[in-house]
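Reviewing the structure listed below.
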Amino acid sequence: MASIPVLDSTVRKAVEEAVSDLVRVSAWGDYAYVSLPIFMPSGAPATVRIRLSQGGFHVDDGGYAYRELESAGAERSFPKAAASAAKAEELETDRRRIFVETGETELMRAICDVALASRNVVADVYSRLVDDDIAVIEDYLQARLTSIFGTAIVESGEGITGASSKKWDMSAAVHLSSGLVVFQAVSNNANSVNKASTAFHDFRELPNPPIRVAVVKDKAEMGLGLNILSQAGRVIQGDQGDETYVRAAS
């Protein structure tokens with residue numbers, strides 16, 4: 001019978017160090033803080049707090065989900081979104097936190113449940129904000145493209161299949177004699193930027209890739225998102241002149 005090879009010590013050490021960074025524990029005052037590999041839309045890891053309570057442990061998200069929404073001006077959405085996420089995991093909420101009381105045997109599950117609920121609250125609200133922002137841009141974009149290129153060659157909400165075989169729903173497509181041009185409305189939210197960038201990179205790998213144009217409300221508000229989009233396609237501002245649209249499509 002063949003023996004199982006011993007894992008190379010270099011590989012093992014590297015893996016152990018990488019895994020140790022996935023979950024971090026720190027302490028401050030009466031609380032232990034645990035950061036998990038569950039990521040908020042901002043890219044920050046979800047973090048929970050744990051302290052002793054009567055009969056066990058109190059686990060909460062420290063109000064981090066609330067503060068992340070507050071930074072986007074969406075804190076009023078927290079109560080409803082938090083109540084929905086908490087109900088799914090049998091947790092509780094107050095004005096700014098998601099929490100649960102638990103015993104030692106259920107502590108690991110409680111930490112994971114609170115962290116996941118915290119992340120889901122922010123992701124749910126951000127998703128709705130992104131949808132609203134994109135809808136405004138798309139309504140304007142459709143009118144502009146029809147005005148510039150004509151209704152006969154402009155398709156709204158067309159699904160385009162990338163090199164990965166995934167079908168991406170784009171805001172609009174223009175079927176020029178020179179080839180296909182896809183336009184995608186993009187908000188300054190990280191999820192919106194990442195989705196458009198991933199789709200554009202997927203299209204770029206096609207044998208005959210379409211021209212890819214991201215349409216944003218204000219380039220100055222895009223931050224690093226502007227660089228990410230520029231690496232995958234062309235970026236224009238929605239209120240720019242017709243000639244800018246024509247150049248971007250050529």
Side-chain angles (χ1 to χ4, degrees), residues 7 9-133 187-195 198 223-225 228:
L7 185 66
S9 60
T10 302
V11 175
R12 179 168 183 154
K13 181 180 179 182
V15 171
E16 288 176 344
E17 289 179 353
V19 171
S20 68
D21 283 340
L22 290 176
V23 178
R24 296 200 170 192
V25 181
S26 59
W28 183 263
D30 294 332
Y31 285 94
Y33 293 77
V34 181
S35 295
L36 294 96
I38 299 172
F39 296 97
M40 297 292 199
S42 65
T47 300
V48 300
R49 309 186 306 177
I50 305 100
R51 63 170 171 79
L52 287 173
S53 65
Q54 287 188 348
F57 299 90
H58 173 91
V59 182
D60 68 48
D61 76 333
Y64 299 126
Y66 178 90
R67 288 200 290 276
E68 185 141 333
L69 293 179
E70 187 177 40
S71 69
E75 66 274 14
R76 291 184 179 181
S77 298
F78 177 81
K80 183 177 180 180
S84 177
K87 183 178 180 180
E89 302 295 342
E90 299 182 347
L91 307 174
E92 298 180 69
T93 66
D94 58 20
R95 290 179 58 250
R96 299 193 177 195
R97 299 176 306 135
I98 300 169
F99 63 91
V100 68
E101 303 290 335
T102 188
E104 185 173 354
T105 58
E106 295 294 320
L107 181 58
M108 182 184 72
R109 177 181 174 182
I111 290 171
C112 293
D113 286 350
V114 171
L116 186 60
S118 183
R119 180 263 176 200
N120 287 346
V121 166
V122 180
D124 176 59
V125 174
Y126 272 24
S127 177
R128 285 187 272 114
L129 290 176
V130 169
D131 289 345
D132 290 344
D133 289 344
S187 76
N188 60 359
N189 180 272
N191 286 351
S192 178
V193 171
N194 291 337
K195 178 183 176 182
T198 302
L224 291 176
I228 293 172

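- Side chain of Thr198 to main chain of Asn194: a donor-acceptor pair is present (N/O by atom type, distance under 3.5 Å, no hydrogens or angles).
- No side-chain donor-acceptor contact under 3.5 Å links Ser84 to the backbone of Ala81.
- Heavy-atom minimum distance, Ala115 versus Ile38: CB-CD1, 4.1 Å.
- Of all the heavy atoms in Gly103 and Phe57, the pair that sits closest is C-CD1, 4.2 Å.
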(message) Run the side chain to side chain contact (heavy atoms under 4.5 Å, CB included) test on Ser118 and Glu68 for me, step by step, so that the C-alpha distance in whole Å, both residues' side-chain angles and the decisive distance to 0.1 Å come before the verdict.
(response) CA-CA 10 Å; Ser118 183; Glu68 185 141 333; over 6 Å; no
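- Heavy atoms from other residues, nucleotides or ligands lying under 6.0 Å from CG of Leu22 number more than 12.
- Between Ala82 and Val121, the closest heavy-atom pair is CA-CG2, 3.5 Å.
- The closest donor-acceptor contact from the side chain of Asp60 to the backbone of Ile98 lies at 3.5 Å or more, if one exists at all.
- The closest side-chain heavy-atom distance from Val25 to Tyr33 is not below 4.5 Å.
- Across Ala117 and Ala85, no two heavy atoms sit closer than the pair O-CB, 3.9 Å.
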Go through it in stages, so that I can follow the logic: the residues are Leu52 and Asp30, the test is side chain to side chain contact (heavy atoms under 4.5 Å, CB included), and I'd like the CA-CA distance, side-chain angles, deciding distance and then a yes or no. CA-CA 8 Å; Leu52 287 173; Asp30 294 332; over 6 Å; no
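- Nearest approach of Leu36 to Pro45, heavy atoms of both residues: O-CB, 3.4 Å.
- Between Phe99 and His58, the angle of the ring planes stays under 30°, which puts this pair in the parallel group of the 30/60° scheme.
- Counting heavy atoms from C-beta outward, Leu69 and Val122 have side chains that approach closer than 4.5 Å.
- Tyr64 contributes atom OH, which lies 14.0 Å from atom CD of Glu70 (distance to the nearest 0.5 angstrom).
- The CD atom of Glu106 sits 11.5 Å away from the SG atom of Cys112 when rounded to the nearest 0.5 Å.
- Checking side-chain atoms of Arg67 against main-chain N and O of Gly62 turns up a donor-acceptor pair under 3.5 Å.
- The neighbour count for Glu104 CD, taken as heavy atoms of other residues, nucleotides or ligands under 6.0 Å away, does not exceed 12.
- More than 12 heavy atoms of other shown residues, nucleotides or ligands fall within 6.0 angstrom of atom CZ in Arg51.
- What you find for Thr102 and Ala110 is that their closest heavy atoms are CG2-CB, 3.7 Å.
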Does the side chain to side chain contact (heavy atoms under 4.5 Å, CB included) test come out yes or no for Asn188 and Val193, once each step is laid out? CA-CA 7 Å; Asn188 60 359; Val193 171; over 6 Å; no
### Query
Run the side chain to side chain contact (heavy atoms under 4.5 Å, CB included) check on Thr47 and Val34 step by step: do they pass?
CA-CA 6 Å; Thr47 300; Val34 181; over 6 Å; no
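- In this structure, CZ in Arg109 is found 11.5 Å from CG in Leu116, a value given to the nearest 0.5 Å.
- When side chains are defined from C-beta on, Arg95 does not count as touching Glu75, because their heavy atoms never get closer than 4.5 Å.
- Of the inter-residue distances, the one linking Glu16 atom CD with Asp21 atom CG reads 12.5 Å to the nearest 0.5 angstrom.
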